[in-house]
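In what follows, a single structure is set out as structure tokens and then discussed.
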Protein chains: 2
Amino acid sequence: MSSTTGTLRVAVIDRDGAFLKVLGNRLDAAGWQHRILGGLVPVEELVAMKINAIVLDMSVLPPEEAWPFLERVCGMLPGLGVIVCTNESTVAQRVRGLRLGADDWVGKPCHPEEVMARIEAVVRRRRRQSGGREERGPLVVGELEIRADQYQAFVSGRSGDLTRREFELLQALADAQGSVIERGEIYRRVWGYEMAHGDRSVDVFIRKLRIKLEQLSPSWSYIHTHFGIGYRFDPEPVDPSAEAAPSAAAVDAGEDAEATTVERELEPTDA
Amino acid sequence: MSSTTGTLRVAVIDRDGAFLKVLGNRLDAAGWQHRILGGLVPVEELVAMKINAIVLDMSVLPPEEAWPFLERVCGMLPGLGVIVCTNESTVAQRVRGLRLGADDWVGKPCHPEEVMARIEAVVRRRRRQSGGREERGPLVVGELEIRADQYQAFVSGRSGDLTRREFELLQALADAQGSVIERGEIYRRVWGYEMAHGDRSVDVFIRKLRIKLEQLSPSWSYIHTHFGIGYRFDPEPVDPSAEAAPSAAAVDAGEDAEATTVERELEPTDA
DNA sequence: CCGCCCGGTAACCGGATTTTCACAAGCCCG
DNA sequence: CGGGCTTGTGAAAATCCGGTTACCGGGCGG
């Protein structure tokens with residue numbers, strides 16, 4: 001379950017040193033990003049933080065501000081998971097908090113692991129209902145537009161006709177923005193399990209993808225090979241002068257001009 | 001806040017008479033429909049009940065069945081709010097339950113009002129993203145008019161004679177406006193629970209729907225297949241010329257010739 | 001009790017996609 | 001400059017997928 005959660009961004013509004021310390025450690029251990037806030041924070045700041053959830057101790061807020069703050073937060077950030085984690089409380093207070101929009105209410109003292117499990121539960125539910133993918137705006141790199149909601153890449157509205165695997169591969173590469181990924185890692189991310197020794201699937205799909213990307217956007221080069229390591233995704237304009245002459249020689253040596261991608265402007269050179 | 005909740009359907013699996021009585025009263029008072037279940041219930045039955053949330057006392061289940069049951073319920077009904085409400089429990093148990101998919105875990109004794117507030121909180125998370133469109137006006141796409149209040153689609157007043165499932169499928173597709181939806185997601189939205197591996201129901205109903213939509217509005221194409229992924233709903237006028245004269249298509253291929261792969265062996269054809 | 005409607009399942013088929021192979025081409029290092 | 005290992009290529013072989021049709025069984029109204 002937790003594996004599906006991925007990395008979360010959490011804000012904690014509290015002042016209880018011991019609790020903060022131990023919770024902080026756990027959050028770090030889980031790889032979640034977190035930020036401690038000492039008290040009342042403008043809601044706009046929370047918005048800017050792009051967090052998935054907030055853990056709030058009502059008692060650190062000035063009493064007359066606590067409820068309005070909770071209401072404001074829940075109202076302004078409907079997608080945010082709100083877990084109130086506070087000392088003793090009455091049923092009425094808990095009901096009030098939950099009705100105001102809090103997602104959960106835990107009494108202190110509480111185990112940080114449970115707090116995290118509750119955060120997960122809250123975020124999980126929120127994500128599920130959104131159908132999994134929604135806030136993933138189209139990613140634009142070079143001339144390419146990668147649209148997760150379409151499982152497809154486009155250039156000026158033109159579809160790349162990528163198959164599912166090709167698209168997932170593209171996405172995995174693009175997600176790494178600029179860094180080299182090893183084959184094994186690519187395989188794990190796209191295929192979902194460990195690559196068998198000697199499997200060339202990644203290479204083959206890299207090729208298919210390159211072909212389709214070049215058809216789509218011939219003046220850019222997107223996938224770069226790192227010998228002995230893997231591949232790197234990085235859009236860069238291709239330099240036309242460099243390859244015009246040499247490539248022409250290589251190509252016309254063979255016979256299969258049409259089989260591969262395109263008849264470029266290698267023509268001009270010798271024609 | 002509670003005003004937005006509307007009427008909910010809740011199942012309670014418990015045997016604590018006093019608790020059931022007082023909770024039942026509150027549920028009635030709130031106008032929520034509820035059903036008391038004495039113990040282990042086949043998940044299929046829960047599916048058929050179309051409930052929004054379930055309140056579960058783990059201790060009424062045989063100990064070796066409790067966790068698997070919780071897991072099964074959460075796995076099969078991802079949209080269902082699951083509130084575990086049980087006697088004493090350890091942190092580890094609560095964490096386990098929450099990680100297994102439970103949305104909340106309350107210890108007994110607890111105030112029924114709080115249980116209800118927690119149900120609301122859980123269900124609220126669920127509805128938020130889905131847009132809570134109750135008063136969905138007739139949706140018009142292409143020639144089609146989708147009327148939720150009639151469970152039916154029309155073209156210039158003529159009914160499509162869609163069955164309930166067909167209509168729900170259409171609606172689910174249309175709600176996604178333009179995005180590709182995976183089969184599993186479609187199934188989840190229309191059937192309400194997790195699709196079993198190898199289930200072809202979606203495909204078959206897509207076909208039935210396509211047939212009826214085509215009868216209704218032959219000059220439009222609404223449902224598009226995305227191989228290996230799912231379907232996309234997007235009304236577009238069908239191109240009559242395309243199929244009328246296939247030979248013509250080949251000739252005028254000039255426009256998108258390079259868009260698709262097209263390894264054209266230019267010479268063989270007429271040479 | 002009969003038949004029809006509707007949802008759901010099984011199976012077949014053709015086409016799309018993925019995997020696997022064999023070999024050519026490249027890169028690195030000594 | 002040559003060998004050894006890595007990557008690019010092309011295509012065949014193996015799978016996977018979706019379209020379609022037939023059929024089964026429950027619910028319902030006559």
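Residue numbers start from 1 in every chain, and the chains themselves are labelled A, B, ... in the order their sequence lines are given, proteins ahead of strands.
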query: So, is B:Arg210 close to the D:dG19 phosphate, meaning a side-chain N or O under 4.0 Å from OP1 or OP2?
result: yes

- request: Rounded to the nearest angstrom, tell me the gap between atom CD1 in B:Ile211 and atom C1' in D:dA22.
  value: 14 Å

task: Find the distance B:Phe205:CZ to C:dC6:P and express it as a whole number of Å.
output: 10 Å

task: Working to the nearest 0.5 Å, report the span between CD of A:Glu214 and CH2 of A:Trp220.
output: 14.5 Å

task: May I ask you to decide whether B:Glu166 forms a salt bridge with B:Arg207, counting only side-chain N to carboxylate O separations under 4.0 Å?
output: no

query: Is the phosphate of D:dT6, meaning OP1 or OP2, less than 4.0 Å from a side-chain N or O of A:Thr225?
result: no

- prompt: Can a side chain N or O of A:Thr163 be found less than 4.0 Å away from OP1 or OP2 on C:dA16?
  reply: no

- prompt: In whole angstrom, what separates B:Phe227's CZ from D:dG19's P?
  reply: 9 Å

- prompt: Rounded to the Å, how far apart are B:Leu209 CG and D:dG19 P?
  reply: 12 Å

query: If you measure from the Lys or Arg side-chain nitrogens to the Asp or Glu carboxylate oxygens, is any gap between A:Arg183 and A:Asp203 under 4.0 Å?
result: yes

- line: Separation of D:dC17 atom P from B:Arg183 atom CZ, nearest Å, is 9 Å

- prompt: Taking NZ, NE, NH1 and NH2 as the nitrogens, is one of them in A:Arg147 or A:Glu145 under 4.0 Å from a carboxylate oxygen of the other?
  reply: yes

- line: A:Gln152 atom CD is separated from C:dT17 atom P, nearest whole Å, by 11 Å

query: Think B:Arg200 has a side-chain N or O under 4.0 angstrom from the OP1 or OP2 of C:dT9?
result: no

- prompt: Is the phosphate of C:dC5, meaning OP1 or OP2, less than 4.0 Å from a side-chain N or O of B:Arg164?
  reply: no

query: Between B:Asp203 (CG) and D:dC16 (P), how many Å, whole number?
result: 16 Å

field: Under-4.0 Å side-chain N/O to phosphate OP1/OP2 contact, B:Arg207 with D:dG18
entry: no

message: I want to check one thing: is the phosphate of C:dT19, taken as OP1 and OP2, less than 4.0 Å away from some side-chain N or O of A:Trp191?
response: yes

query: Looking at B:Tyr231, does any N or O in its side chain come under 4.0 Å of the phosphate oxygens OP1/OP2 on D:dC17?
result: no

message: Go nucleotide by nucleotide along DNA chain C from the 5' end; which of A:Ser201 and B:Asp161 gets its closest nucleotide reached first?
response: B:Asp161

task: Whole angstrom is fine here: how far is it from CD1 in B:Ile229 over to C1' in C:dT17?
output: 12 Å

task: On the 0 to 90° scale, with breaks at 30° and 60°, tag the B:Phe167-B:Tyr151 ring pair as parallel, tilted or perpendicular.
output: tilted

